[in-house]
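These notes concern the structure reproduced below.
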Amino acid sequence: MDRTADEVLEREVSALHKITQYSYVLLIKLLKHILKTKYDNNLAGFQQNFLQPTRELLWKLKQMKFPFVIDGYLTLHIIQPLDNLRPGEMFYQVGLTTPGTLSLKFGKYELADNGQLTTTTKSARVDPEELQRAFTQDYLQELRGLATHAGHLLFRTCLVTHLENGNSEWRDTYELMNSTKMTEANTVMKL
């Protein structure tokens, strides 16, 4: 990576750190991965098509008090940590296909053509008018009500990443969303 790319990444990491409090190490790792894999090291395209809309989304979420960190765990992923989810599992992610959007990834049952229940991973874009409610039980309950099969099983556990060790784990969604102890802004992840 050339000096210009490194300088841009350093500026962006600093800006994103101020918004999310995610560590510099984590952010630089994630941004380099996205630049290489999604933008084929095209720095101008990366800045215009991913960084700018993502930074705007994160700033908007911060203004709406979206909890980026709860009890020492990151709640919003910048890249997809898992490809396949089981029914009931979920996580939040910034949009990679549609930068500047918030995505909710979740596992669910679907009725196959042969009448059998199958497991599938879905992605739903959170409507911009719903960003304020996206991290609430009321919002998830409304989505459960829209499901055609086994909606009551949706969104039971949320994938989060521990600030100290970088390991991902599942947390009960209800407990996570009702947690009152949010991690202080000076917490730094060690990866």
Side-chain angles (χ1 to χ4, degrees), residues 20 22 26 29-42 45-46 48-54 56-58 60-61 64 66-68 70 73-162 166-179:
T20 64
Y22 293 1
L26 174 65
K29 177 181 169 184
L30 296 174
L31 294 182
K32 282 183 177 182
H33 175 78
I34 295 167
L35 174 60
K36 181 180 178 184
T37 61
K38 296 285 186 186
Y39 291 91
D40 196 28
N41 290 317
N42 175 343
F46 177 62
Q48 181 178 355
N49 300 319
F50 179 76
L51 289 173
Q52 180 180 347
T54 298
E56 290 170 4
L57 169 69
L58 294 173
K60 188 183 298 183
L61 289 171
M64 295 178 173
F66 188 95
F68 296 114
I70 296 177
Y73 290 89
L74 306 176
T75 61
L76 177 61
H77 299 272
I78 294 178
I79 62 172
Q80 185 166 323
L82 290 176
D83 291 328
N84 298 310
L85 299 174
R86 296 180 301 214
E89 297 175 341
M90 61 165 275
F91 63 87
Y92 292 94
Q93 178 186 333
V94 298
L96 286 177
T97 308
T98 311
T101 61
L102 177 64
S103 295
L104 176 60
K105 309 281 177 117
F106 60 99
K108 66 176 271 191
Y109 288 114
E110 278 193 339
L111 195 57
D113 293 338
N114 64 4
Q116 297 287 327
L117 278 181
T118 61
T119 301
T120 186
T121 298
K122 296 288 187 178
S123 178
R125 184 179 62 85
V126 176
D127 192 277
E129 290 79 35
E130 297 290 347
L131 289 175
Q132 182 103 28
R133 299 181 54 231
F135 200 82
T136 67
Q137 282 295 324
D138 289 342
Y139 179 74
L140 295 180
Q141 191 59 38
E142 282 181 28
L143 294 179
R144 287 181 189 112
L146 298 174
T148 54
H149 299 289
H152 65 286
L153 298 176
L154 296 175
F155 318 119
R156 296 298 176 193
T157 58
C158 185
L159 185 66
V160 294
T161 302
H162 196 273
N167 293 332
S168 294
E169 65 180 66
W170 296 102
R171 298 277 307 272
D172 178 88
T173 305
Y174 180 80
E175 290 176 12
L176 186 66
M177 289 183 174
N178 289 306
S179 176

Any donor and acceptor pair, going by atom type alone, linking the side chain of Asp172 with main-chain N or O of Tyr174 inside 3.5 Å? yes

**Asked** Do Thr75 side-chain atoms and Pro67 backbone N/O form a donor-acceptor pair below 3.5 Å?
**Response** yes

Self-check item: Set of residues satisfying side-chain hydrogen bond (donor to acceptor under 3.5 Å, both in side chains) with respect to Arg86, sequence neighbours excluded
Solution: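 Result, side-chain hydrogen bond (donor to acceptor under 3.5 Å, both in side chains) vs Arg86: Glu89.
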
Pairwise side-chain contact, [X] with [Y], heavy-atom cut-off 4.5 Å (strictly under):
X	Y	value
Trp170	Leu159	yes
Lys108	Leu153	no
Gln137	Thr173	yes
Leu61	Leu76	yes

Heavy-atom closest contact ([X] atom, [Y] atom, distance):
X	Y	result
Ser123	Lys105	OG-CE, 3.2 Å
Leu104	Met90	CD1-CE, 3.4 Å
Pro99	Thr54	CB-OG1, 4.2 Å
Thr101	Thr98	OG1-O, 2.5 Å
His77	Thr161	CE1-OG1, 3.2 Å

Review point. So among Tyr92, Phe135, Phe106, Phe91, which one has a ring-ring contact (aromatic ring centres under 6.0 Å, His included) with Phe155?
Key: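 Of Tyr92, Phe135, Phe106, Phe91, ring-ring contact (aromatic ring centres under 6.0 Å, His included) with Phe155 is met by Phe106 alone.
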
Of Val94, Leu58, Leu26, the one forming a side chain to side chain contact (heavy atoms under 4.5 Å, CB included) with Thr20 is Leu58

With sequence neighbours left out, the residues meeting ring pair (Phe, Tyr, Trp, His ring centres under 6.0 Å) with Phe46 are Tyr39, Phe50

